[in-house]
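First the structure, in the form of structure tokens, and then the observations on it.
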Amino acid sequence: DLNLDGKLDDKDRDYIGSPLPDFSYGVSGTLGYRGVDFSLLLYGVAGNQIVNRNIPGMNSSVNTTAAALRRWTPERTDTDVPRAVSGDPNNNYTRFSSRYIEDGSYLRLRNVTVGYTLPASVTEKLRLGRVRLYVSGQNLLTLTGYSGFDPETAGGSQSAQATWFVSQNLLRGVDNGASPLPRTLLGGLQLDF
């Protein structure tokens, strides 16, 4: 009851949340010692909100998350998950509300690489200029309070009919179940002849 008139209606609507972070930040660094090299990239945002549309609406017979076990029942009235009902007569899923708004802040270990370059005394015997072995990982760790799959992927194209403008601007900060960024491990060998 935002206007304090004693009833809940359209006059109680307000703007809630913002997909734009208050700030973005990052740290990168590289260290090397006696043929061993290490590089790191941390990236994050703070102060944005995400509309998590993956929270169960309890309006259909499709699969849902374990949160559905906390749905409203006559015995369980203190919950934020609506009752299970076909057709969603209260528009719990189609109507945006603060129920879907979550903090989108995160810190992600975007990239880390550890490498070792063989000494010149070894590579000269092999008639090579340089030999480096390395292991690299992308998106290995994400620290966030967001309950969805990935706070960074919220707001991408959600349907085949979505235009670029709609998918990039009007759905920014809305998570409709976009695929999370993959966690990747790579190993490699660099040879200079």
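- Nearest approach of Asp12 to Leu2, heavy atoms of both residues: O-CD1, 2.8 Å.
- Within the 4.5 Å cutoff, side-chain heavy atoms of Leu20 are placed close to those of Arg172.
- Separating the CG atom in Leu141 from the CZ atom in Arg108 is a distance of 9.0 Å, to the nearest 0.5 Å.
- With sequence neighbours excluded, the residues that form a salt bridge (charged side-chain N to carboxylate O under 4.0 Å, His left out) with Arg13 are Asp10.
- If you take CG on Asp9 and NZ on Lys11, they are separated by 6.0 Å, rounding to the nearest 0.5 Å.
- Leu42 has its side chain out of reach of Tyr25: every pair of non-hydrogen atoms, C-beta onward, lies at least 4.5 Å apart.
- With rounding to the nearest 0.5 angstrom, the CG atom of Leu126 is 10.5 Å from the CZ atom of Phe193.
- Considering only heavy atoms from C-beta on, Leu128 stays 4.5 Å or farther from Val122 through its side chain.
- For the pair Thr142 and Glu152, the minimum side-chain heavy-atom distance is 4.5 Å or more.
- Panel note: side chain Thr79, backbone Arg70; a donor-acceptor pair is recorded below 3.5 Å.
- For the residue pair Gly129 and Thr123, the shortest heavy atom distance occurs at O-OG1, 3.9 Å.
- Nearest heavy-atom pair, Asn111 versus Ser136, reported as atom, atom and distance to 0.1 Å: OD1-OG, 3.4 Å.
- In the hydrophobic cluster analysis, where Ile, Leu, Val, Met, Phe, Trp and Tyr join through side-chain heavy atoms closer than 4.5 angstrom, Val112 is grouped together with Leu143.
- Under the 4.5 Å side-chain criterion, counting only non-hydrogen atoms from C-beta, Leu186 is not in contact with Thr113.
- In terms of modelled atom types and a separation under 3.5 Å, the side chain of Glu102 and the main chain of Ser147 share a donor-acceptor contact.
- For the atom pair Arg132 CZ and Leu191 CG, the distance stands at 12.0 Å (nearest 0.5 Å).
- Between Leu118 atom CG and Leu133 atom CG the span is 6.0 Å, to the nearest 0.5 Å.
- Following chains of ILVMFWY side-chain contacts shorter than 4.5 Å, one cannot reach Val135 starting from Val36, and the two form parts of different hydrophobic clusters.
- The nearest pair of heavy atoms linking Ser105 to Thr144 is O-OG1, 2.8 Å.
- With a 4.5 Å cut-off on side-chain heavy atoms, Ser24 and Tyr43 count as touching.
- In summary, Asp150 and Arg183 do not engage in a salt bridge, as defined by a charged side-chain N under 4.0 Å from a carboxylate O.
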Side chain to side chain contact (heavy atoms under 4.5 Å, CB included) evaluation trace for Asp175 with Val51: CA-CA 6 Å; Asp175 185 353; Val51 177; over 6 Å; no

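- Asn139 places none of its side-chain heavy atoms less than 4.5 Å from the side chain of Leu109.
- A pairwise comparison of heavy atoms in Pro19 and Asn48 identifies O-CB, 3.5 Å as the closest pair.
- Both Val174 and Tyr100 are assigned to one and the same hydrophobic cluster, defined by single-linkage of ILVMFWY side chains at heavy-atom distances under 4.5 Å.
- Remark: Arg76 pairs with no residue by the salt bridge (charged side-chain N to carboxylate O under 4.0 Å, His left out) rule, at least two apart or across chains.
- With hydrophobic clusters built from ILVMFWY side chains whose heavy atoms lie under 4.5 angstrom apart, Leu40 shares a cluster with Leu107.
- Proximity of Trp72 to Pro74: side-chain heavy atoms (C-beta onward) are separated by under 4.5 Å at one or more points.
- Here the closest heavy-atom approach between residue Arg34 and residue Tyr116 is recorded as O-CE1, 4.0 Å.
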